[in-house]
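Working notes for the structure below.
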Amino acid sequence: GSVLHNHFDRHQTHLATASIQLYQELDDDGGWPLEVIDEDGGCYEIYLQPGQLVLYEGARLKHGRPMALQGDAFAQVLAYFAPTSW
């Protein structure tokens, strides 16, 4: 299955991120959580359902989907934000 290695976003254009879950076809015991690692090394797995969204500081917090997708389909929209005076 697909993976997205943990990374930081570009601070010039991707300071904050909105991840909106649109659709998913997952195995019964599957899922594809967003993993977010805070500045102290704490690791959090965020499982979204279609219609839900999560906001996070992608340029400050390491994040990704490092576990393989367990299913057939996964659709989301990502929107990135950065203040013009940043």
Which atom pairs, one a donor and one an acceptor, fall under 3.5 Å between side chains of residues 32-42 and the rest of the protein, sequence neighbours left out?
unit_1 : atom_1 : unit_2 : atom_2 : d
Trp32  : NE1    : Met67  : O      : 2.6
Glu35  : OE2    : Asn6   : ND2    : 2.6
Asp38  : OD1    : Asp40  : N      : 2.9
Asp38  : OD1    : Gly41  : N      : 3.0
Asp38  : OD1    : Gly42  : N      : 2.7
Asp38  : OD2    : Tyr44  : OH     : 3.3
Glu39  : OE1    : Arg60  : NH1    : 2.9
Glu39  : OE2    : Arg60  : NH1    : 2.9

Under 3.5 Å, side chain of His7 to main-chain N/O of His63, donor-acceptor pair present?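 Yes.
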Check whether any side-chain N or O of His11 sits under 3.5 Å from a backbone N or O of Asp9 as a donor-acceptor pair, and report yes or no.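 Checked: no pair found.
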Are [X] and [Y] connected, step by step, through hydrophobic side chains (Ile, Leu, Val, Met, Phe, Trp, Tyr) whose heavy atoms are closer than 4.5 Å?
X     : Y     : value
Leu78 : Ile20 : no
Leu55 : Val77 : yes
Ile46 : Leu53 : no
Leu69 : Val54 : no

Exercise: identify the closest heavy-atom pair between [X] and [Y]:
X     : Y     : answer
Tyr80 : Thr13 : CB-O, 3.8 Å
Ala59 : Phe8  : O-CD2, 3.8 Å
Ser19 : Arg65 : OG-NH2, 4.0 Å

If we count only N and O atoms by modelled type, under 3.5 Å, do the side chains of Tyr23 and Glu25 hold a donor and an acceptor together?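 The answer is yes; a qualifying pair exists.
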Take Gln24 and Gln76 through the test side chain to side chain contact (heavy atoms under 4.5 Å, CB included) and record every step on the way to the result. CA-CA 9 Å; Gln24 58 190 19; Gln76 66 179 10; over 6 Å; no
How long is the straight-line distance from CD of Gln52 back to CD of Gln21, given to the nearest 0.5 Å?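 Gln21 atom CD to Gln52 atom CD measures 8.5 Å (nearest 0.5 Å).
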